[in-house]
Amino acid sequence: MKKIVFLLLAVALVCQPADAQFFKKLFKKKAKTEKKAVTKTDGIDDEAQVPMADIATLTDNSNNRNAFMGIPLGIKGDRFEKLLLEKGFTERKPEGKQTAKSYIYDGEVYGARATVSLAVTDQTGRVYAVDVTDEAIYNSEKAVKARFQQLKDELQKVYGQGYVDNQGEAYTIQTRLGTVNLHYERGSLSNSYTLGFVIDDAKAYKMAYSEMADKEYESAPRTIEAGLAAPCNHTDLVGLAVCLYQNRTVKGAQAVLRSYDYTVGKITAKVVPASSVMDGYKAAVALTRRRQAITAITLTATDDMAAVRQDLKTYGFTTDDQKTWRQGKMTAVVTTDKEGCVVLTLR
């Protein structure tokens with residue numbers, strides 16, 4: 001996703017100082033959890049939906065779903081609620097007069113109290129995403145990063161390896177069944193931080209997308225074949241490149257690369273190399289150096305050109321030819337190599 005309907009972070013522009021000013025990537029608008037009466041049937045059997053079965057064991061994964069705490073997404077909201085309540089969650093009672101069903105609950109998630117909200121399809125009432133927000137408000141970046149790392153470790157155990165996103169303030173795991181996005185945000189008027197994660201099911205999101213009347217802020221769903229979504233083919237290349245630009249020393253660049261979970265290779269007198277591999281997605285970094293200074297940044301990846309260009313726009317870059325992009329003193333050039341990989345160079 002990148003992402004699907006994310007709760008918490010709607011439209012927030014964050015600018016960096018001096019010559020590295022740019023717009024940070026945005027999370028999607030807050031999903032509606034309030035649901036009116038379902039008016040459409042779809043023929044899906046809730047009982048047949050299974051949570052995160054091994055995709056290699058099935059010839060058709062149509063009923064194989066991404067899941068939250070062992071509960072498969074893609075089932076009706078009322079059934080999901082029943083299973084969630086059986087795990088000890090309690091429904092949050094709405095204040096004032098309620099005109100429709102709300103799917104908001106309180107309970108413990110990975111060692112902390114949290115609010116859990118279900119996003120349901122407009123017409124069929126199926127859960128396509130689950131938003132989890134820690135109840136705690138963290139009073140320092142150190143504190144929120146400690147909880148972020150704890151949740152990252154727990155989510156990796158369940159969903160697998162992902163990639164650092166949004167310049168380190170998010171971590172995304174995109175599997176063939178769906179997506180998990182862990183993220184934190186600083187309060188606009190204070191030094192406090194909030195943290196949460198969103199899980200979606202790729203098939204259910206595709207259904208939800210087809211039912212949405214307003215798609216302005218929504219990402220298009222991935223292609224689904226035999227019940228499986230297309231594999232991940234896009235990460236935060238632009239965010240990584242900008243972070244490297246802001247840390248143009250060998251020591252600073254190494255710290256950035258490690259924070260993005262890249263493996264730093266053998267450093268030579270002219271180049272600092274690094275790489276990352278994730279379920280078929282490959283990325284390589286070559287940083288041209290002059291002594292301890294980084295003079296050019298080159299990223300090569302099996303990425304999606306259109307998505308990289310969109311990220312350049314989101315980060316505040318502009319272009320006249322879709323090849324050369326500028327933001328303040330930064331100049332980015334995006335091309336492809338003979339293998340068809342995206343090559344992003346930043347100076």
Count the heavy atoms of every other residue, nucleotide or ligand shown that sit under 6.0 Å from [atom1] of [X], and state whether that count exceeds 12.
| X | atom1 | result |
| --- | --- | --- |
| Asp279 | CG | no |
| Asp60 | CG | yes |
| Glu225 | CD | no |

Does one side chain, of [X] or [Y], offer a donor that lies under 3.5 Å from an acceptor on the other?
| X | Y | value |
| --- | --- | --- |
| Asp153 | Gln149 | yes |
| Asp131 | Thr133 | yes |
| His234 | Asp304 | no |
| Tyr138 | Thr194 | no |
| Asn139 | Ser192 | no |

Q.
Working to the nearest 0.5 angstrom, can you tell me the gap between Leu195 CG and Lys145 NZ?
A. 12.5 Å

Q | Phe197 side, atom CZ; Tyr110 side, atom OH - distance, nearest 0.5 Å | A | 5.5 Å

Q: With the side chain counted from C-beta on, respond yes when Thr295 and Leu287 share a heavy-atom pair under 4.5 Å apart, and no when they do not.
A: no

Using only atom types and a distance under 3.5 Å, with no angle test, would you say the side chain of [X] pairs donor to acceptor with the backbone of [Y]?
| X | Y | value |
| --- | --- | --- |
| Asp54 | Ala56 | yes |
| Asp165 | Asp236 | no |
| Thr324 | Val333 | no |
| Lys203 | Asn64 | yes |

Salt bridge check, [Y] against [X]: does any charged N sit closer than 4.0 Å to a carboxylate O?
| X | Y | value |
| --- | --- | --- |
| Asp42 | Arg126 | yes |
| Lys76 | Glu81 | no |
| Asp106 | Arg113 | no |
| Glu154 | Lys157 | yes |
| Glu211 | Lys206 | no |
| Arg65 | Asp201 | yes |

Over all atoms of both residues, closest heavy-atom pair of [X] and [Y]:
| X | Y | result |
| --- | --- | --- |
| Ala274 | Leu257 | CB-CD1, 3.8 Å |
| Ala208 | Tyr128 | CB-CD2, 3.4 Å |
| Val164 | Ser259 | CG2-O, 3.3 Å |
| Gln156 | Tyr171 | NE2-OH, 2.7 Å |

Q: Go through the steps for Tyr103 and Asp78 under the test side-chain hydrogen bond (donor to acceptor under 3.5 Å, both in side chains), then give the verdict.
A: CA-CA 9 Å; Tyr103 295 96; Asp78 291 344; 3.0 Å; yes

Q) Quick one: do Ile297 and Val343 end up in the same hydrophobic cluster if we chain Ile, Leu, Val, Met, Phe, Trp and Tyr together by side-chain heavy atoms under 4.5 Å apart? A) no

(Q) Would you say Val271 ends up clustered with Tyr260 if hydrophobic residues are merged whenever their side chains have heavy atoms under 4.5 Å apart, either directly or through other cluster members? (A) no

Q | Derivation of the side-chain contact (heavy atoms from CB on, under 4.5 Å) call for Asp337 and Thr300 | A | CA-CA 8 Å; Asp337 63 13; Thr300 304; 3.7 Å; yes

